[in-house]
**Q** 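Below is one structure. I have some questions about it.
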Amino acid sequence: MDDAMDAKDSTSTRRRATRAKLYEAAVTLIAEQGFSATTVDEIAERAGVAKGTVYYNFKSKTELFEELLRYGVGLLTASLQSAADETAERGGTKVEALDAMIRAGLGFIDRYPAFTQLYVAELWRTNRAWQSTLLVVRQHAVAVVETVLREAVDNGELSEEIDIPLTASALVGMVLVAALDWQAFQPERSMDDVHSALSRLLHGRVSGR
């Protein structure tokens with residue numbers, strides 16, 4: 001029984017590793033040349049696997065990209081949630097949690113710049129097969145911020161007049177766009193510089209203090 005479970009775990013680990021390689025290859029290629037121009041052969045070659053391996057893990061290139069979006073935004077969401085949880089564990093305020101989430105978002109974007117570029121671009125496209133999936137996973141990320149904002153309002157840190165859904169979307173959008181601008185046009189700046197600027201916006205515009 002233990003041997004069978006170990007073998008199953010090993011297979012699952014290998015499959016996750018293979019999928020991660022395919023995600024990385026796909027996101028890099030699609031960022032470079034677009035979805036339509038990127039072929040399964042190129043993805044397989046970039047990932048260092050056989051073409052059949054791509055189809056073993058995904059039914060099509062479209063499914064691969066859809067799962068890539070789920071995977072990437074899932075990582076972002078987990079990063080934001082972890083920042084909020086860590087702040088709560090050390091007794092920090094909800095506004096401090098939001099500040100930590102901004103930094104976590106910047107850290108994610110710094111680590112996965114190609115994915116972030118793709119994600120932002122795809123948000124504004126229409127008639128894509130994965131549009132409904134993209135909207136769902138986007139809402140997962142925004143919901144993490146909404147929860148912290150709602151808690152901040154409930155405990156009196158923030159005004160009850162705040163439009164929580166719109167403010168959450170604005171904060172996520174601010175981090176995404178500011179980070180892309182940082183990497184594309186102001187790469188000489190450090191993450192501390194960018195975080196400090198966004199933090200001042202948070203404290204000055206959201207908290208009103």
Side-chain angles (χ1 to χ4, degrees), residues 15-83 101-102 104-147 149 163-185 198:
R15 189 173 190 192
R16 283 197 299 270
T18 299
R19 282 183 165 232
K21 286 197 297 184
L22 290 171
Y23 290 144
E24 183 176 352
V27 75
T28 303
L29 285 165
I30 294 170
E32 289 174 356
Q33 57 194 32
F35 177 79
S36 298
T38 299
T39 67
V40 171
D41 284 341
E42 289 174 318
I43 293 171
E45 182 179 356
R46 181 69 66 94
V49 301
K51 181 178 179 179
T53 301
V54 180
Y55 289 115
Y56 175 77
N57 285 275
F58 305 99
K59 294 177 183 177
S60 65
K61 185 177 68 169
T62 296
E63 183 183 275
L64 166 57
F65 190 60
E66 185 170 350
E67 290 304 311
L68 167 63
L69 291 170
R70 286 184 186 275
Y71 174 77
V73 180
L75 289 177
L76 172 60
T77 303
S79 178
L80 297 175
Q81 186 65 63
S82 178
M101 293 164 84
I102 287 175
L106 290 173
F108 172 87
I109 295 162
D110 188 48
R111 185 175 180 184
Y112 303 105
F115 173 80
T116 305
Q117 290 169 13
L118 269 183
Y119 169 66
V120 172
E122 289 301 319
L123 278 174
W124 304 108
R125 295 185 192 278
T126 57
N127 300 321
R128 294 289 210 181
W130 49 79
Q131 192 66 27
S132 59
T133 294
L134 182 59
L135 293 177
V136 169
V137 296
R138 171 202 168 274
Q139 185 53 38
H140 289 167
V142 173
V144 175
V145 183
E146 284 186 11
T147 297
L149 282 170
D163 184 321
I164 291 175
L166 187 58
T167 302
S169 295
L171 285 172
V172 173
M174 175 183 73
V175 173
L176 288 171
V177 174
L180 290 176
D181 184 90
W182 160 40
Q183 294 183 340
F185 305 115
L198 298 186

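Bear in mind the structure is a predicted one, so any value in this text is a computation, not a measurement.
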**Q** Under 3.5 Å, sequence neighbours excluded: what are the donor-acceptor pairs made by side chains of residues 23-31?
**A**
| residue | atom | partner | partner atom | Å |
| --- | --- | --- | --- | --- |
| T28 | OG1 | E24 | O | 2.8 |

**Q** Please report the shortest heavy-atom distance between D163 and L166, naming the atom on each side.
**A** OD1-N, 3.1 Å
**Q** Holding to side-chain contact (heavy atoms from CB on, under 4.5 Å), I want the full list of residues that pass it with Q139, two or more places apart in sequence or in another chain.
**A** V142, A143, E146
**Q** Might you point out which heavy atoms bring R46 and E32 nearest each other, and give the distance in Å?
**A** NH2-OE1, 3.4 Å
**Q** Among residues two or more places apart or on two chains, list those pairs meeting ring-ring contact (aromatic ring centres under 6.0 Å, His included) that have a residue in residues 122-147.
**A** F35-W130, F65-W130
**Q** Can you establish whether the number of heavy atoms outside E45 located under 6.0 Å from its atom CD is more than 12?
**A** no
**Q** Mind checking what makes ring pair (Phe, Tyr, Trp, His ring centres under 6.0 Å) contact with Y55, not counting sequence neighbours?
**A** none
**Q** Could I get the full list of side chain to side chain donor-acceptor pair (under 3.5 Å) partners for T133, not counting sequence neighbours?
**A** E66
**Q** Rounded to the nearest 0.5 Å, how far does CG of L69 lie from CG of L118?
**A** 7.5 Å
**Q** So, does E42 use its side chain to make a donor-acceptor pair with the main chain of T39 at under 3.5 Å?
**A** yes
**Q** Between K21 and V49, does the side-chain contact (heavy atoms from CB on, under 4.5 Å) criterion hold? Intermediate values first, please.
**A** CA-CA 9 Å; K21 286 197 297 184; V49 301; 4.1 Å; yes
**Q** For residues Y71 and A20, report the shortest heavy-atom separation together with the two atoms involved.
**A** OH-CB, 4.3 Å
**Q** Let me confirm one number: the OG1-CD1 distance from T53 to I43, rounded to the nearest 0.5 Å.
**A** 12.5 Å
**Q** With heavy-atom distances below 4.5 Å as the criterion, would you say the side chains of L80 and L76 are in contact?
**A** yes
**Q** Anything under 3.5 Å between a donor and an acceptor, one on a side chain of residues 174-185, the other on a protein residue two or more places apart or in another chain? List them.
**A**
| residue | atom | partner | partner atom | Å |
| --- | --- | --- | --- | --- |
| D181 | OD2 | Q186 | NE2 | 2.8 |
| W182 | NE1 | R189 | O | 2.9 |
| Q183 | NE2 | I109 | O | 3.3 |

**Q** Is any side-chain heavy atom of L22 less than 4.5 Å from a side-chain heavy atom of F58?
**A** yes
**Q** According to the interplanar angle, ranging from 0 to 90°, do the rings of F108 and Y112 count as parallel (below 30°), tilted (30 to 60°) or perpendicular (above 60°)?
**A** tilted
**Q** Scan V73, L123, V172 and name whichever one has a side-chain contact (heavy atoms from CB on, under 4.5 Å) with R138.
**A** L123
